[in-house]
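Take a look at the structure set out below.
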Amino acid sequence: MSKGYKSQSFKKMLHQCVWRVKFIILKHYICAVKTTIMAKILIIGACGQIGTELTKKLRDVYGTNEVIASDIRKGEPEFVASGPFEVINALDFNQIETVIEKNGVEDVYLMAALLSATAEKNPAFAWDLNMNSLFHVLNLAKAGKIKKIFWPSSIAVFGPTTPKQNTPQYTVMEPSTVYGISKQSGERWAEYYHNIYGVDIRSIRYPGLISWSTLPGGGTTDYAVDIYHKALSDGTYTCFLSEETRLPMMYMDDAIRATVEIMQAPAENIKIRSSYNLSAMDFTPKEIAEAIKKEIPDFTIDYTPDFRQKIADSWPQSIDDSSARQDWGWKHDFDLTSMTADMLEHLSAKVE
Ligand code: NAD
């Protein structure tokens, strides 16, 4: 009787032990999944054209409280109230470090920069902002305070001596704008910090980006957003580039998805640590006007090229992005026709 009782309580103990071990394993597994999937994220320059959309997408994917939006200025009240928000100057190392330490941030998306057209008006400040904000984030990763960085480069890294059609990943790069010089230098430093200090930095050379929900921030491809707004409000548009100026472009939905996908890819798939060429479509102002005319037949366009023409003339017309497609599975969704339909549908709904 007592022997049977002892063996019964031994079995019960063994059973409890097995469950305890299972519980501990499960707890560790959940923690591991949480740290890989739910790393705290900080976006610097979140109130801009890309940052606003990126913040929304990252919050959809990882949860509102996991994504801290920050900018030197407070954006739209609705945006600021939509989740954690901090005022951060990307040139202030201590401010960035404090927010990272206070919140246990692991991934930083550095979107603050002076864009191509604005940078030409203030070259010294553009160099300061575009380079030193990058150094701050690189040095925080080098010191082990963050794990992963996303930093965007641009087609502006190419210059007048670069082959213009189907521009390869590796080619002549002699940028002639301060913006392009800062992006090219940034790419070199990104690769250096990866090779020498093991920093996990990932980057895309965005083409011109087009979105309906946010306005562009002073780039040479801004006309491709303005044209849709003016087509709906005035039925006519005066373009600051000539009618045959062909440039590589991408719809914001594709650009945001690419950004999330490159950051989620296993580290060993990211073979290029300077920046990846990325492509979706290329068109001229005349071609985008024709696409709009199919939806708004009375739309008219005229051309008055300004200082931005010279910048556009120094850039590629189309991009070879086969490395991104091969290494981390990049694939675009939108072309000129589908983008035009989507832009006009969303902008008309906004106006109504
Ligand atoms: P944007 O100008 O719309 O936004 C930049 C944001 O950075 C703004 O909200 C601004 O307030 C903020 N900012 C400026 N100075 C700051 C500072 N000192 N501290 C903190 N925030 C500061 O730019 P965007 O179009 O969203 O571009 C984001 C990134 O993508 C930039 O690096 C840009 O070079 C790159 N990029 C953009 C395009 C494009 O077509 N939009 C194309 C290629 C590359």
Side-chain angles (χ1 to χ4, degrees), residues 42-57 68-76 79-80 85-96 99 108-122 125-137 149-158 175 177-187 190 201 203-211 213-226 247-252 254-256 258-259 262 275-281 308 311-312 315-316 319:
L42 172 66
I43 306 172
I44 302 174
C47 294
Q49 189 197 12
I50 305 175
T52 312
E53 293 294 302
L54 185 63
T55 304
K56 279 186 212 147
K57 179 70 181 183
I68 304 158
S70 80
D71 205 288
I72 197 166
R73 63 185 165 101
K74 285 204 165 177
E76 297 291 316
F79 177 71
V80 174
F85 186 89
E86 300 272 354
V87 172
I88 293 182
N89 180 355
L91 287 173
D92 188 332
F93 180 89
N94 293 335
Q95 258 184 18
I96 306 174
V99 171
V108 171
Y109 292 68
L110 175 59
M111 310 309 286
L114 224 56
L115 269 58
S116 57
T118 319
E120 285 309 295
K121 292 180 182 160
N122 198 346
F125 179 64
W127 176 255
D128 184 22
L129 175 61
N130 295 6
M131 295 313 300
N132 287 320
S133 59
L134 177 60
F135 276 127
H136 290 341
V137 177
I149 301 169
F150 177 80
W151 169 79
S153 184
S154 157
I155 54 164
V157 291
F158 301 114
T177 61
V178 65
Y179 177 68
I181 295 169
S182 72
K183 289 294 185 188
Q184 193 200 31
S185 309
E187 286 193 11
I201 180 161
S203 178
I204 286 170
R205 289 173 184 152
Y206 289 133
L209 299 183
I210 297 153
S211 56
S213 60
T214 44
L215 289 171
T220 303
T221 52
D222 290 7
Y223 90 85
V225 178
D226 299 341
L247 287 169
M249 301 277 189
M250 182 175 286
Y251 201 35
M252 189 61 86
D254 275 340
I256 297 295
T259 307
I262 195 176
S275 192
Y276 276 94
N277 272 8
L278 200 74
S279 168
M281 62 183 114
R308 287 168 279 195
I311 302 177
W315 287 355
I319 297 285

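As the structure lists them, so they are numbered: ligands from 1, and atoms in each ligand from 1. Residue numbers run from 1 in the order of the sequence given.
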Greater than 12 external heavy atoms within 6.0 Å of K57's NZ: no

Ring pair (Phe, Tyr, Trp, His ring centres under 6.0 Å) partners for F158, two or more places apart: none

Contacts of type side chain to side chain donor-acceptor pair (under 3.5 Å), residue D254, not counting sequence neighbours: R257

Table of N or O contacts for ligand 1, cutoff 3.5 Å:
from, atom 1, to, atom 2, distance (Å)
ligand 1, 3 (O), Q49, N, 2.8
ligand 1, 9 (O), G48, N, 3.1
ligand 1, 9 (O), D71, OD2, 2.7
ligand 1, 9 (O), R73, NH2, 2.9
ligand 1, 11 (O), D71, OD1, 2.6
ligand 1, 11 (O), R73, NE, 2.9
ligand 1, 18 (N), N89, OD1, 2.9
ligand 1, 19 (N), A90, N, 2.7
ligand 1, 21 (N), I72, N, 3.3
ligand 1, 26 (O), Q49, N, 3.2
ligand 1, 26 (O), I50, N, 2.8
ligand 1, 32 (O), K183, NZ, 2.8
ligand 1, 34 (O), Y179, OH, 2.5
ligand 1, 34 (O), K183, NZ, 3.1
ligand 1, 40 (O), L209, N, 3.0
ligand 1, 41 (N), Q49, OE1, 2.9

Pair E187, S203: side-chain N/O donor-acceptor within cut-off below 3.5 Å: no

Partners meeting side chain to side chain donor-acceptor pair (under 3.5 Å) with D128 (sequence neighbours left out): N132

Under 3.5 Å donor-acceptor, T52 side chain and Q49 backbone: no

